[in-house]
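To start, the structure itself, in structure tokens.
One-based numbering along the sequence shown.
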Amino acid sequence: MALCSKFLALFLIHTCLLLGLCSAADPFVSYDFEVSYITASPLGVPQQVIAINGKFPGPTINVTTNNNVAINVRNKLDDNLLIHWSGIQQRRSSWQDGLPGTNCPIPPKWNWTYQFQVKDQVGSFFYFPSLHMQRASGGFGSFIINNRAIIPIPFDTPHGDIVILIGDWYKRNHTALRKALDAGKDLGMPDGVLINGKGPYQYNATLVPDGIDYETIEVQPGKTYRIRVHNVGTSTSLNFRIQNHNLLLAESEGSYTVQQNYTSLDIHVGQSYSFLVTMDQNASTDYYIVASARFVNESQWKRVTGVGILHYTNSKGKAKGPLPDAPNDEFDKTFSMNQARSIRWNVSASGARPNPQGSFRYGSINVTDVYVLKNKPLVTINGKRRATLSGISFVNPATPIRLADQFKVKGVYKLDFPNKPLTGSSKMETSVINGTYRGFMEVILQNNDTKMQSYHLSGYAVFVVGMDYGEWTENSRGTYNKWDGIARSTVQVYPGAWTAILVSLDNVGVWNLRTENLDSWYLGQETYVRIVNPEETNKTELPIPDNALFCGALGKFQKPEDISFAVSITGNGSKLFFTLLMAVCALMSVFG
């Protein structure tokens with residue numbers, strides 16, 4: 001019996017070490033996700049949506065800095081699936097990023113376990129399915145990383161934590177939307193805006209039909225809540241506001257901000273913010289929570305408005321009357337840009353570590369690489385309507401880029417993405433940016449289209465140092481904020497304008513740089529940044545996961561039993577398995 005126990009302990013220790021998860025100070029958190037279709041009626045019409053564990057939206061992942069996270073995803077869709085953890089930096093492990101440039105998809109009826117550490121991060125993020133525009137049908141949820149107890153937050157502990165997911169919504173599912181794009185059509189105006197997966201409160205009987213379920217958030221009078229708002233929509237920038245309440249901005253995508261009050265804030269596709277909201281009204285009625293479309297013909301888009309209810313426990317009646325006004329600047333985007341410029345990094349606050357955020361003096365670092373990335377209206381390439389970035393419409397390879405590197409598969413991609421936009425005809429290619437390990441890259445995002453864009457870089461937080469209307473020139477650097485520009489993962493670029501970001505390339509891997517607008521992303525407006533440590537040590541990149549899936553040129557290596565590990569830890573088994581892992585890790589800390 002003693003020998004058996006010894007073998008069991010050795011087995012568990014070996015497994016724990018293979019997973020790279022053990023650390024007595026860094027606990028394990030495990031989740032099981034069953035991704036499937038359900039029927040819901042968020043805008044009053046039954047439609048197919050993507051649910052997680054039978055819920056739309058999906059559950060909130062709630063972890064603490066440096067936690068080891070295991071999320072077992074069972075794919076019950078009729079399509080391939082990847083889950084992307086937007087804003088989670090996946091330090092040293094782009095293997096877990098959940099994008100087609102790094103991962104083979106999870107086939108229907110299969111499951112796969114993501115395993116990663118939320119290293120040195122705090123803040124508000126979200127996850128979503130990253131293939132085939134599936135996010136337009138749901139599958140998204142909030143991802144919260146809390147501070148460790150020893151690290152103070154730069155505000156009093158709120159009474160509660162509230163998640164609000166906002167986004168434009170179509171009654172057509174992602175498959176129908178994709179077919180429209182494939183046929184060369186635009187998606188057209190959305191059918192509405194959802195708040196936490198629900199349609200609008202009937203504030204106007206002409207605009208909102210009967211029978212729509214709406215979101216109600218209950219609060220206690222006099223208390224302050226942290227409200228985390230994420231725009232998980234398809235392509236529409238939204239103005240967020242709560243009737244008669246100030247929004248004290250406190251954090252955005254992992255960075256604590258200088259605290260400023262806003263009556264409303266523009267939140268662009270893919271962006272996340274935390275507000276501190278004090279319930280200081282007299283509760284004569286409930287109050288409207290509003291998310292309305294920006295930079296559109298508002299008379300035509302009135303029905304594309306999300307409306308929920310803020311309900312005080314001592315409320316004396318239902319909300320009534322007109323909605324609180326949105327900014328009156330349909331034809332003048334200066335207000336919105338000035339608002340964006342006002343969002344600053346709190347340089348004296350601690351983030352995930354004890355040292356102040358501002359101790360990383362990004363403004364004094366020499367730039368090693370400059371890329372000017374320009375988007376423009378859709379073009380036709382080889383008879384297909386495509387979106388481009390610097391004249392290149394990205395084609396996702398059958399073999400993921402990171403996997404091709406690992407097994408030295410040639411011809412999968414070209415490491416030749418241009419520093420400046422191409423001057424000739426646009427082309428469709430798998431062209432990748434050659435990033436310099438430990439370099440410091442300046443990226444200028446130039447939007448020469450007529451619609452708002454937002455861009456996301458996986459694996460990093462980028463410093464937003466400047467934005468303005470017109471064409472960027474080298475003289476534009478004189479306007480850069482080199483002290484307290486916000487560090488975040490998703491930035492907006494206004495139509496006919498530019499945004500400049502700086503990023504320290506210290507995270508080895510293959511990282512996606514994309515528009516967050518799902519239609520343009522689907523049509524090719526993206527690339528990847530490949531960062532390799534020439535010394536190739538495991539200290540800067542974790543080894544390929546034992547449960548890695550294979551596809552494309554490497555598909556011959558994929559066997560059904562390769563997912564047996566993932567299958568073995570589903571359901572109650574996963575909780576037992578991770579309990580055993582934690583126990584072994586605790587023993588290791590005692591005897592090590």
Starting from the C-alpha separation in whole Å, work towards a yes-or-no answer on side chain to side chain contact (heavy atoms under 4.5 Å, CB included) for T499 and I444.
CA-CA 6 Å; T499 295; I444 294 90; over 6 Å; no
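- Residue pairs that meet the salt bridge (charged side-chain N to carboxylate O under 4.0 Å, His left out) test with at least one member in residues 356-374, sequence neighbours left out, are K374-E471.
- When the side chain to side chain contact (heavy atoms under 4.5 Å, CB included) test is applied to N62, the partners found at least two apart in sequence or on another chain are Y31, I144, N146.
- Looking only at side-chain heavy atoms (C-beta outward), I392 and L422 come within less than 4.5 Å of each other.
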Report the C-alpha distance between Q271 and E253 in whole Å, list the side-chain angles of each, state the deciding distance to 0.1 Å, and finish with yes or no for side-chain hydrogen bond (donor to acceptor under 3.5 Å, both in side chains).
CA-CA 7 Å; Q271 291 188 331; E253 296 163 22; 5.1 Å; no
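- Side chain of N75 to backbone of N111: no donor-acceptor contact under 3.5 angstrom is found.
- For the pair Y437 and L505, the minimum side-chain heavy-atom distance is 4.5 Å or more.
- W521 and F128 have perpendicular rings, their planes meeting at more than 60° on a 0 to 90° scale where under 30° would count as parallel.
- With hydrogens and angles ignored, the 3.5 Å screen pairs a side-chain donor or acceptor of S137 with a backbone N or O of H174.
- Considering only residues two or more places apart in sequence or on other chains, K384 meets the salt bridge (charged side-chain N to carboxylate O under 4.0 Å, His left out) condition with none of them.
- Applying the salt bridge (charged side-chain N to carboxylate O under 4.0 Å, His left out) criterion to E516, with sequence neighbours excluded, gives R135, R514.
- In this structure K55 satisfies the side chain to side chain contact (heavy atoms under 4.5 Å, CB included) test with no other residue, sequence neighbours excluded.
- Counting only residues at least two apart or in different chains, salt bridge (charged side-chain N to carboxylate O under 4.0 Å, His left out) contacts with residues 77-90 are absent.
- Contact annotation: the side chain of S431 approaches that of D416 to within less than 4.5 Å [non-hydrogen atoms, C-beta and beyond].
- No donor-acceptor distance shorter than 3.5 angstrom exists from the side chain of E442 to the backbone of V370, with no hydrogens or angles considered.
- Of the listed residues (N80, V35, L549), just one forms a side-chain contact (heavy atoms from CB on, under 4.5 Å) with I106, and that residue is L549.
- No side-chain heavy atom of T540 sits under 4.5 Å from any side-chain heavy atom of N507.
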Applying side chain to side chain contact (heavy atoms under 4.5 Å, CB included), run through S350 and Q357 and close with a yes or a no.
CA-CA 6 Å; S350 297; Q357 292 180 144; over 6 Å; no
Please walk me through it: do T65 and R148 pass side-chain hydrogen bond (donor to acceptor under 3.5 Å, both in side chains)?
CA-CA 6 Å; T65 301; R148 292 174 291 165; 5.0 Å; no
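- Between D506 and the choices R438, R91, R92, the salt bridge (Lys or Arg N to Asp or Glu O under 4.0 Å) rule is met once, by R91.
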Is there a side-chain hydrogen bond (donor to acceptor under 3.5 Å, both in side chains) between Y256 and N147 once you walk through the steps?
CA-CA 12 Å; Y256 290 116; N147 283 65; 2.4 Å; yes
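- A search for ring pair (Phe, Tyr, Trp, His ring centres under 6.0 Å) contacts involving F360 returns F463, not counting sequence neighbours.
- Although no hydrogens or angles enter the test, the distance criterion places no donor-acceptor pair under 3.5 Å between the side chain of R228 and the main chain of D161.
- A donor-acceptor distance shorter than 3.5 angstrom exists from the side chain of H84 to the backbone of D97, with no hydrogens or angles considered.
- Here the side chains of V232 and I166 are not in contact, with every heavy-atom distance at 4.5 Å or above.
- Between S252 and T257, the side chains place no donor N or O within less than 3.5 Å of an acceptor N or O (distance only, hydrogens not considered).
- In this structure the side chain of L403 reaches within 4.5 angstrom of the side chain of C104, judged on heavy atoms.
- Although no hydrogens or angles enter the test, the distance criterion places no donor-acceptor pair under 3.5 Å between the side chain of N533 and the main chain of E541.
- Checked by atom type and distance alone, the side chain of D519 never pairs as donor or acceptor with a backbone atom of Y522 at under 3.5 Å.
- For the residue pair R402/T102, the side-chain donor-acceptor check at 3.5 Å is not satisfied.
- Side-chain polar atoms of Y455 and E526 form no donor-acceptor pair below 3.5 angstrom.
- Note that NZ of K76 and CG of L81 are 13.5 Å apart. Values are rounded to the nearest 0.5 Å.
- Side chain of Y528 to main chain of G101: a donor-acceptor pair is present (N/O by atom type, distance under 3.5 Å, no hydrogens or angles).
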ring-ring contact (aromatic ring centres under 6.0 Å, His included) between F440 and Y362, worked out:
CA-CA 9 Å; F440 197 63; Y362 68 86; 7.6 Å; no
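- In this view, N103 and L82, W112 satisfy the side chain to side chain contact (heavy atoms under 4.5 Å, CB included) rule, not counting sequence neighbours.
- With hydrogens and angles left out, the side-chain atoms of S124 and H230 include no donor and acceptor closer than 3.5 Å.
- Judged as a ring pair (Phe, Tyr, Trp, His ring centres under 6.0 Å), and not counting sequence neighbours, the contacts of Y127 are F33, W85.
- Here the side chains of S390 and F417 are in contact, with some heavy-atom distance below 4.5 Å.
- For K420, there are no salt bridge (charged side-chain N to carboxylate O under 4.0 Å, His left out) partners two or more places apart in sequence or in a different chain.
- Residues passing the ring pair (Phe, Tyr, Trp, His ring centres under 6.0 Å) test with Y273: none are found, sequence neighbours excluded.
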Given the rule in the side-chain hydrogen bond (donor to acceptor under 3.5 Å, both in side chains) test, do N66 and Q117 qualify, once you have shown the distances and angles that lead to the verdict?
CA-CA 6 Å; N66 295 342; Q117 185 179 29; 4.6 Å; no
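- In terms of modelled atom types and a separation under 3.5 Å, the side chain of Q121 and the main chain of V118 share no donor-acceptor contact.
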Apply side chain to side chain contact (heavy atoms under 4.5 Å, CB included) to L77 and Y37, showing your working.
CA-CA 6 Å; L77 305 180; Y37 294 117; 3.8 Å; yes
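- Qualifying salt bridge (charged side-chain N to carboxylate O under 4.0 Å, His left out) partners for D120, counting only residues two or more places apart in sequence or in other chains: R353.
- None of N67, I88, T64 except one satisfies the side-chain contact (heavy atoms from CB on, under 4.5 Å) rule with I145; the exception is I88.
- If you check the side chains of N68 and D26, you find no donor sitting under 3.5 Å from an acceptor.
- Put simply, the side chain of I501 does not reach to within 4.5 Å of the side chain of V503, judged on heavy atoms.
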Verdict with reasoning, I544 to W95, per side chain to side chain contact (heavy atoms under 4.5 Å, CB included):
CA-CA 7 Å; I544 183 172; W95 301 109; 3.7 Å; yes
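- R386 places a side-chain N or O within donor-acceptor distance of the main-chain N or O of L523, the cut-off being under 3.5 Å.
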